[in-house]
Amino acid sequence: YPLCALAVSDERHDWAEHGNHTGGFYKCNIYRGAKAKDKCAPEEMAKAELDRYLHYYQRYHSHDQSRKFAKRQNEQVSKRMGELRKEDSGSSWLDVEFLQKASEQVMQCRQILSYTYAYGYFLEDGPEKHCLKIYSNNSKNQRKNFNEESEKEFKQLDRHGVINLTSVTKTFATNLLEGVEKGLTH
């Protein structure tokens with residue numbers, strides 16, 4: 001009987017509910033709090049609230065740490081850009097500048113994703129929270145594709161592919177920010 005250990009609270013959840021929309025089959029981002037009972041003991045309510053807080057905080061912290069790592073990586077991008085220009089003597093700075101833009105987009109996306117968890121913690125369950133999950137999962141999946149492409153060796157690197165993924169990732173991030181600003185269900 002397949003189940004997601006991350007999504008389990010008091011009861012088993014259907015494996016069919018998992019997929020790319022939940023962060024992946026083995027990287028679930030679904031928070032399933034304990035079902036509210038009419039007369040919960042205060043200790044149980046406190047534990048449930050702590051579990052909910054930890055769920056959101058751990059994901060926030062993970063993305064924030066990844067953003068810090070991406071920032072350190074960004075510092076090495078200009079070095080890599082210089083190396084790439086040396087490898088291909090016919091290239092100019094403009095031929096490798098797309099890597100800088102890609103690196104900056106990764107940092108921005110990580111920052112946005114980290115704060116979606118802080119925002120999501122305070123949102124009531126409902127359509128807006130559901131929309132936030134969809135927007136953030138789309139951004140997260142796009143960022144993963146983007147990371148994989150932008151970290152390839154120069155000879156394997158598809159410049160136009162990285163430029164396209166940078167643009168698409170930026171669009172997903174912008175849509176997420178605009179959704180939060182204007183209301184996710186509008």
Side-chain angles (χ1 to χ4, degrees), residues 2-37 40 44-71 73-74 101-150 164-186:
L3 78 130
C4 172
L6 296 173
V8 174
S9 59
D10 296 27
E11 56 194 63
R12 293 176 177 240
H13 299 284
D14 189 1
W15 184 254
E17 291 180 18
H18 292 76
N20 289 336
H21 63 284
T22 64
F25 287 102
Y26 299 101
K27 296 179 183 174
C28 178
N29 277 320
I30 297 175
Y31 174 73
R32 304 275 189 177
K35 298 286 182 194
K37 297 177 180 121
C40 270
E44 290 176 15
M45 289 174 49
K47 179 172 180 346
E49 184 57 28
L50 179 61
D51 288 344
R52 186 172 90 76
Y53 172 80
L54 287 174
H55 169 83
Y56 285 97
Y57 175 76
Q58 288 168 344
R59 282 150 181 84
Y60 162 83
H61 184 70
S62 175
H63 281 292
D64 191 51
Q65 292 301 309
S66 296
R67 180 193 55 82
K68 290 175 183 174
F69 176 76
K71 186 176 182 180
Q73 292 291 97
N74 187 44
K101 290 180 181 178
S103 178
E104 289 168 0
Q105 188 60 50
V106 167
M107 286 190 315
Q108 181 193 31
C109 198
R110 287 286 190 182
Q111 183 175 17
I112 292 167
L113 287 171
S114 67
Y115 284 107
T116 61
Y117 288 101
Y119 185 69
Y121 175 77
F122 292 102
L123 274 179
E124 297 290 326
D125 286 339
E128 208 167 47
K129 192 166 202 167
H130 180 72
C131 287
L132 178 67
K133 288 176 186 178
I134 291 170
Y135 274 125
S136 62
N137 281 330
N138 286 342
S139 293
K140 194 178 314 162
N141 290 334
Q142 190 60 35
R143 191 242 346 121
K144 286 178 189 175
N145 295 338
F146 180 60
N147 270 2
E148 290 171 8
E149 186 62 35
S150 65
N164 183 49
L165 283 170
T166 302
S167 175
V168 171
T169 302
K170 184 175 184 170
T171 300
F172 275 110
T174 300
N175 289 344
L176 176 56
L177 289 174
E178 287 176 0
V180 169
E181 181 181 337
K182 295 177 183 175
L184 292 161
T185 57
H186 291 64

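Since this is a predicted model, take the numbers as computed values, not measurements. The first residue of the sequence shown is numbered 1, and numbering continues consecutively from there.
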Q. Is there a donor-acceptor pair under 3.5 Å between the side chain of Thr169 and the backbone N or O of Leu165?
A. yes
(Q) Filter on salt bridge (charged side-chain N to carboxylate O under 4.0 Å, His left out), then keep only pairs touching residues 166-186, sequence neighbours left out; what's left? (A) none
Q: Please answer whether the main-chain N or O of Ala70 pairs with a side-chain N or O of Asn74 as donor and acceptor at a distance below 3.5 Å.
A: no
Q.
Once rounded to the nearest 0.5 Å, what's the spacing between atom OH of Tyr60 and atom OH of Tyr53?
A. 9.5 Å
Q) Heavy atoms, side chains only, cut-off 4.5 Å: are Gln108 and Gln105 in contact? A) yes
Q. Between Lys129 and Glu124, is there a donor-acceptor pair closer than 3.5 Å when you use the side chain of the first and the backbone of the second?
A. no
**Q.** Between OG on residue Ser136 and CZ on residue Phe172, distance to nearest 0.5 Å
**A.** 12.0 Å
Q) Is a side-chain donor or acceptor of Arg52 paired with a backbone partner of Tyr121 at a separation under 3.5 angstrom? A) yes
**Q.** Which residues share a ring pair (Phe, Tyr, Trp, His ring centres under 6.0 Å) with His61, sequence neighbours left out
**A.** Tyr57
Q: Compute whether any side-chain donor of one residue and acceptor of the other, for His55 and Arg59, lie under 3.5 angstrom apart.
A: yes
Q. Has the side chain of Lys140 got a donor or acceptor atom that lies under 3.5 Å from a matching backbone atom of Leu113?
A. no
Q. Given Leu132 and Leu176, is the side chain to side chain contact (heavy atoms under 4.5 Å, CB included) satisfied, shown in steps?
A. CA-CA 8 Å; Leu132 178 67; Leu176 176 56; 3.8 Å; yes
Q.
Return the CD1 to NE2 distance between Ile134 and His130, rounded to the nearest 0.5 Å.
A. 3.5 Å
Q.
Between Glu128 (side chain only) and Leu184 (backbone N and O only), is there a donor and an acceptor less than 3.5 Å apart?
A. yes
(Q) Testing Arg110, Gln111, Met107 one by one against Lys71 for a side chain to side chain contact (heavy atoms under 4.5 Å, CB included), which residue passes? (A) Met107
Q) Looking only at side chains, do Asp64 and Ser114 share a donor and an acceptor under 3.5 Å apart? A) no
